[in-house]
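Read the structure below first, then the notes.
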Amino acid sequence: MPNPVPFNEALLSTVGTPQQAQLLDSSPRSRVWRVRLTDRRLVIVKQITDDGDPGADASTRFAREVAGLRLAGRGSGPAVAPAVLATDAPSRVMVLEHVEDLGKTDDWMPGYAESLARLHALTGPADAGALPVFSGPTARDAESFLALAKALDVPVPSTVPDELAGLLERLDPTRHHALLHGDPCPGNDLRTADGVRFVDFERAALGNGLIELAYFRIGFPTCWCAMSVTAAPLAEVEDVYRTTWRDLTGKDVPGDLADACAAWLIQGDALVERAHRGTADQLARVPAEDFEWGNASARERLVHRLGVVADMTRDHDHLHAFGRLSSALADRLLARWSTLRPLPAQDARPWY
């Protein structure tokens, strides 16, 4: 049969010869095949393409994903990612262990949280430079958020600019070295008999693990399938994460979860899919248009995030005024656009 997958001679020698190949659904940033070799083994072949990410060229994304996967694969406990079997850097091809996904489960979040903590705990200060530092909010994001309040005629308390400046200082990712997945969305988590394994490490980085633990509260900000997790399920997954981290590192999780949630709130790029990030001031669009992404609109995502931050910062030492502003902005959005829907609950997550 013709060889539909991009195997060069080195890969054929190292991995084996493809016998059957099935092209799988993937983002525009890559092509992915499930391949059965002539010895009957299954592998996954992924080739990074030139499309879908204006912020990084394909070779950079390839190197970043391979580095993230290799760091994720060095733990001694149950695996949290597929093993890298071979690579062809010039063609941006990686051959990965095939992981059988057990499929849908009603109680998916605790296992996800445990594996997320185990992933984050795999790296430390000695790994500085192995991956890019996580790219969080900037002063421009803070300015855009304040401009949104002005555009919606919501008064900004006088101390908020200083609170935002302090937030950006506390969020400095260079002080943290957790192995971040970069896009831990439903579909990038595979359920196995030994726990959840993550795939698609194209945005892997080093930073504070709370940035990704915040996904549960803030509504899965980099994902097309926004979700709201509240009450007992939220408390359980956060406890699982913190307990797992403490068991592995002997320390409490560093940082402040309220800071991590505020970080996602002020980033307008977290309202749009990756192909549109860095192309416009997304928060500036909100007063004039309610643009859709996946299962929720920009205003619906924003109202959820505003409410989360308002609730978390009522008694916060450093974000009290920012929390009051968030509450007022949420009220203004809901008053002006009364048909905005709450985000779907966690049991509405998609399964692939």
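Just so you know, these numbers use all the heavy atoms, side chains as well, and skip hydrogens, waters and symmetry mates.
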From CA spacing to verdict: side chain to side chain donor-acceptor pair (under 3.5 Å), D247, T244: CA-CA 5 Å; D247 289 345; T244 303; 5.7 Å; no

Tell me whether the NZ or CZ atom of R191 lies within the 45° cone about the ring axis of W108 and under 6.0 Å from its centre.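 The answer is no, since R191 fails at least one limit relative to W108.
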
Answer yes or no for R64 and F201: cation-pi contact, defined as NZ/CZ to six-membered ring centre under 6.0 Å and angle to ring axis within 45°.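 Pair R64/F201 does not count as cation-pi.
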
Could you check if a side-chain atom of [X] sits within less than 4.5 angstrom of a side-chain atom of [Y], using non-hydrogen atoms only?
X    : Y    : value
S59  : R92  : yes
T222 : R277 : yes
V286 : L148 : yes

Side chains of [X] and [Y] only: does a donor on one sit below 3.5 Å from an acceptor on the other?
X    : Y    : answer
Q22  : R34  : yes
D162 : T159 : no
T192 : D194 : no

N/O donor-acceptor pair under 3.5 Å between [X] side chain and [Y] backbone:
X    : Y    : value
N295 : A226 : yes
E163 : A321 : yes
T49  : R29  : yes
T243 : V240 : no
E97  : A83  : yes
N8   : L11  : yes
R301 : W293 : yes
R41  : V15  : yes
E212 : G182 : yes
T249 : K251 : yes

[atom1] of [X] to [atom2] of [Y]: how many Å apart, nearest 0.5 Å?
X    : Y    : atom1 : atom2 : answer
T17  : D39  : OG1   : CG    : 9.0 Å
C225 : W351 : SG    : CH2   : 10.5 Å
L164 : L319 : CG    : CG    : 7.5 Å
H176 : L210 : NE2   : CG    : 8.0 Å
D239 : L234 : CG    : CG    : 11.0 Å
F7   : T14  : CZ    : OG1   : 9.5 Å

Testing the basics here: between [X] and [Y], what is the closest heavy-atom pair and its distance to 0.1 Å?
X    : Y    : answer
D183 : N188 : O-ND2, 2.9 Å
I211 : A214 : O-CB, 3.7 Å
A72  : L119 : CB-CD1, 3.8 Å
P110 : E236 : CG-OE2, 3.6 Å
A258 : T313 : CB-CG2, 4.4 Å
T87  : F62  : CB-CZ, 4.0 Å

How about C185 and C223: are their SG atoms under 2.5 Å apart?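 The sulfur gammas are closer than 2.5 Å, so yes.
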
According to ring-ring contact (aromatic ring centres under 6.0 Å, His included), who are the partners of Y241, at least two apart in sequence or on a separate chain?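 With neighbours one apart ignored, the set is H120.
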
Are more than 12 heavy atoms from other residues, nucleotides or ligands located less than 6.0 Å from atom CD of E289?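 Above 12, so yes.
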
For D315, I'd like to know if atom CG has over 12 heavy atoms of other residues, nucleotides or ligands within 6.0 Å.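 Incorrect, the count does not exceed 12.
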
Go through the steps to decide whether R175 and D172 satisfy the test side-chain contact (heavy atoms from CB on, under 4.5 Å), and finish with yes or no. CA-CA 6 Å; R175 295 178 294 182; D172 178 7; 4.0 Å; yes

With P137 as reference, evaluate L265, L171, L167 under the side chain to side chain contact (heavy atoms under 4.5 Å, CB included) test and give the passing residue.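 Passing option: L171.
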
Does the pair L152 and L329 meet the rule for a side-chain contact (heavy atoms from CB on, under 4.5 Å), with working shown? CA-CA 8 Å; L152 293 174; L329 271 169; 3.8 Å; yes

Report the C-alpha distance between F216 and M109 in whole Å, list the side-chain angles of each, state the deciding distance to 0.1 Å, and finish with yes or no for side-chain contact (heavy atoms from CB on, under 4.5 Å). CA-CA 9 Å; F216 291 106; M109 293 189 301; 3.9 Å; yes

Side chain to side chain donor-acceptor pair (under 3.5 Å) between S144 and D141: does it pass, once the steps are laid out? CA-CA 5 Å; S144 177; D141 291 312; over 6 Å; no

Taking only residues two or more places apart in sequence, or in another chain, which ones meet S26 in a side-chain hydrogen bond (donor to acceptor under 3.5 Å, both in side chains)?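 Listed in chain order: S30.
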
Walk me through whether K46 and E65 qualify under salt bridge (Lys or Arg N to Asp or Glu O under 4.0 Å). CA-CA 11 Å; K46 181 172 183 177; E65 178 157 15; 3.0 Å; yes

According to the interplanar angle, ranging from 0 to 90°, do the rings of F198 and Y112 count as parallel (below 30°), tilted (30 to 60°) or perpendicular (above 60°)?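 Aromatic pair F198/Y112 classed perpendicular.
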
Would you call R274 and E202 a salt bridge, taking side-chain N to carboxylate O under 4.0 Å as the test?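 Salt bridge between R274 and E202, a charged N being under 4.0 Å from a carboxylate O: yes.
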
Does R285 pair with D290 as a salt bridge, N-O distance under 4.0 Å?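 No salt bridge links R285 with D290.
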
Side chain to side chain donor-acceptor pair (under 3.5 Å) contacts touching residues 317-346 (sequence neighbours left out):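 Residue pairs with at least one partner in residues 317-346: E300-R341.
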
Sequence neighbours excluded, every pair satisfying side chain to side chain donor-acceptor pair (under 3.5 Å) that has a member inside residues 252-269: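 Applying side chain to side chain donor-acceptor pair (under 3.5 Å) to every pair that reaches into residues 252-269, excluding sequence neighbours, yields R170-D259, R246-D252, D256-H316.
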
Step by step, work out the side-chain contact (heavy atoms from CB on, under 4.5 Å) result for L37 and V43. CA-CA 8 Å; L37 304 173; V43 297; 4.1 Å; yes

Which donor-acceptor pairs under 3.5 Å do the side chains of residues 122-133 make with protein atoms, sequence neighbours left out?
unit_1, atom_1, unit_2, atom_2, d
T123, OG1, H177, O, 2.6
T123, OG1, L179, N, 2.9
D127, OD1, R74, NH1, 3.1
D127, OD1, R74, NH2, 3.0
D127, OD2, R74, NH2, 2.6
D127, OD2, G124, N, 2.9

Is there a path from V199 to Y215 through hydrophobic residues (I, L, V, M, F, W, Y) whose side chains come within less than 4.5 Å of each other?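 Unlinked, V199 and Y215 end up in two clusters.
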
Please evaluate residues R31 and Q47 with respect to the criterion side chain to side chain donor-acceptor pair (under 3.5 Å), reporting the C-alpha separation (whole Å), side-chain torsions for both, the decisive distance (0.1 Å), and the verdict. CA-CA 5 Å; R31 288 187 290 271; Q47 183 175 42; 2.8 Å; yes

Using the ring pair (Phe, Tyr, Trp, His ring centres under 6.0 Å) rule, collect all pairs that involve residues 30-49, keeping only residues at least two apart or in two chains.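 Listed once each, the pairs would be none.
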
